[in-house]
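Structure record follows, encoded as structure tokens.
Every value quoted in this text rests on a predicted model; they were computed, and no experiment measured them. The chain is numbered in sequence order, starting from 1.
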Amino acid sequence: MSLQDDDAEGRWKPGLRVEAAVRTALDLIFPPQSLDAGPLPQSPGFSAEAWSRISFIDGPLCDGCGTPFEYDQGKGVRCADCLAKPRAFARARAACLYDDASRGPILQLKHADRTDLAPLFARWLSRAARDLLAEAEAIAPVPLHPSRLLGRRYNQAAEIARPLSRLAGVAYLPDALVRLRATGTQGGKSGSGRRRNVAAAFGVPARRASQVAGKRVLLIDDVMTTGATLEGCSRALLAAGAACVDVAVIARVKESANRSI
């Protein structure tokens, strides 16, 4: 299954063309292996069986939070939640739904050192967030607190954001955002609890403010549940002078229900 990596006008970007050529050459030497331990795929990624289980968000969706609609309601339409309470970020896109099929590989990236999954997820986002990438001037990952980064050894959001920036040809800002204080896990908390947990937890260092001032920033994370973390990061970027903040994640829950991730 292929993902289109062209720009908003249907033209291939130079970076994508080079990556495709290199990938093809490597495939001739080292045949692709399935990332989910299934049968050998025709191209790097999941096996056909694993692909068929992923609920990709390809249809009509809310232009604000990215939640899928049951039917097409027109371009730019927003759901009742977004109309009732606009968020700090302008728009959000997710590649797929967070469910039993997508949960495993996402948690493997997050907790099991499976950073080899990150380039695949970046390609998913290059398709799901095409409209946001076409306008983005910078890409920034949701940061980890240094204490958590020390234990995990890598930031899963950064692992996705880095190859995505290369695919899209958009500037990558790995440390434009920092987590100012250690926060407890968001898993198991209510929506209000999640918001309190990350309140004033993010900031833009003074030495990095010029990198985001006046820019349209695309914020990257792995999963969007209630959006509390993304909201906190967006507020910090806007306070530092960002012109606009959009969001792209691997997966989102369909409803704002509590779910451990």
Side-chain angles (χ1 to χ4, degrees), residues 1-5 15-16 19-20 22-27 29-58 66 92-130 132-133 139-144 148-168 170 172 174 185-187 218-225 229-230 247-253 259-261:
M1 184 174 299
S2 63
L3 298 179
Q4 295 181 354
D5 289 326
L16 304 184
E19 190 209 20
V22 172
R23 190 162 59 232
T24 300
L26 287 175
D27 286 350
I29 303 172
F30 305 105
Q33 301 295 309
S34 174
L35 294 175
D36 61 296
L40 290 178
Q42 293 183 336
S43 61
F46 290 152
S47 65
E49 180 183 359
W51 270 102
S52 67
R53 295 196 302 265
I54 302 293
S55 299
F56 289 102
I57 301 176
D58 292 322
R93 299 291 184 266
C96 64
L97 293 179
Y98 187 72
D99 54 21
D100 290 339
S102 62
R103 176 184 173 91
I106 291 173
L107 291 184
Q108 287 180 342
L109 168 65
K110 192 168 185 175
H111 299 298
D113 295 336
R114 288 294 306 276
T115 54
D116 57 314
L117 290 165
L120 174 66
F121 292 145
R123 290 197 294 276
W124 288 9
L125 290 189
S126 73
R127 177 176 182 267
R130 288 179 66 186
L132 308 188
L133 284 165
I139 290 176
V142 168
L144 289 179
R148 185 165 295 178
L149 183 60
L150 182 63
R152 191 175 294 173
R153 301 189 304 282
Y154 63 90
N155 176 359
Q156 74 277 3
E159 293 299 312
I160 303 165
R162 189 184 309 110
L164 180 61
S165 73
R166 291 196 297 266
L167 281 171
V170 177
Y172 175 48
T185 177
Q186 293 282 66
L218 182 61
L219 185 63
I220 305 299
D221 204 4
D222 51 0
V223 177
M224 177 177 171
T225 306
T229 296
L230 296 163
V247 166
V249 297
I250 305 170
R252 60 154 297 134
V253 296
R259 193 162 196 170
S260 178
I261 60 175

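- For I106 against A251, the heavy-atom pair with the smallest separation is CD1-CB, 3.6 Å.
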(request) I would like to know whether I139 and L164 meet side chain to side chain contact (heavy atoms under 4.5 Å, CB included); could you show each step before the answer? (result) CA-CA 8 Å; I139 290 176; L164 180 61; 4.1 Å; yes
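- Nearest heavy-atom pair across R114 and Y154 is N-OH, 4.0 Å.
- With sequence neighbours excluded, the residues satisfying side chain to side chain contact (heavy atoms under 4.5 Å, CB included) with A128 are A95.
- Side-chain atoms of L97 and V253, non-hydrogen and from C-beta on, never get closer than 4.5 Å to each other.
- Looking at heavy atoms from C-beta onward, Y172 lies in side-chain contact with P141 at the 4.5 angstrom threshold.
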(message) Show, in sequence, the C-alpha distance, side-chain angles and deciding distance for L133 and L218, and conclude whether the side chain to side chain contact (heavy atoms under 4.5 Å, CB included) test is met.
(response) CA-CA 7 Å; L133 284 165; L218 182 61; 3.4 Å; yes
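- Between the CG atom in L125 and the CZ atom in R93 there is a gap of 12.0 Å [rounded to 0.5 Å].
- With sequence neighbours excluded, the residues forming a side chain to side chain contact (heavy atoms under 4.5 Å, CB included) with P119 are R123, listed by chain and number.
- The CD atom of Q156 lies 10.0 Å from the CG atom of L107; values are rounded to the nearest 0.5 Å.
- The shortest side-chain heavy-atom distance between V223 and I250 does not fall under the 4.5 Å cut-off.
- How far OG1 of T229 is from CG of D222: 9.5 Å, rounded to the nearest 0.5 Å.
- Under the rule for a side chain to side chain contact (heavy atoms under 4.5 Å, CB included), the partners of A94 that lie at least two apart in sequence or sit in another chain are I57, V249, R252.
- Between D113 and R152, no side-chain nitrogen of the basic residue sits less than 4.0 Å from a carboxylate oxygen of the acidic one, so the salt-bridge criterion is not met.
- Residues I54 and C96 approach most closely at CG2-CB, 3.7 Å, considering heavy atoms.
- Looking only at side-chain heavy atoms (C-beta outward), L230 and V142 come within less than 4.5 Å of each other.
- When the side chain to side chain donor-acceptor pair (under 3.5 Å) test is applied to T115, no partner is found at least two apart in sequence or on another chain.
- Here K110 contributes atom NZ and N155 contributes atom CG; the two are 10.0 Å apart, rounded to the nearest 0.5 Å.
- Not counting sequence neighbours, the partners of A92 by the side chain to side chain contact (heavy atoms under 4.5 Å, CB included) test are F89, M224, V247.
- Interatomic distance, CZ of R127 versus CZ of F56, reported as 8.0 Å (0.5 Å rounding).
- Shown here for R130 and S126, the closest heavy-atom pair between the two residues is CG-O, 3.0 Å.
- Between R53 and D99 there is no salt bridge, since none of the side-chain N atoms of the basic residue sits less than 4.0 Å from a carboxylate O of the acidic one.
- With rounding to the nearest 0.5 angstrom, the CD1 atom of I220 is 8.5 Å from the CG atom of L132.
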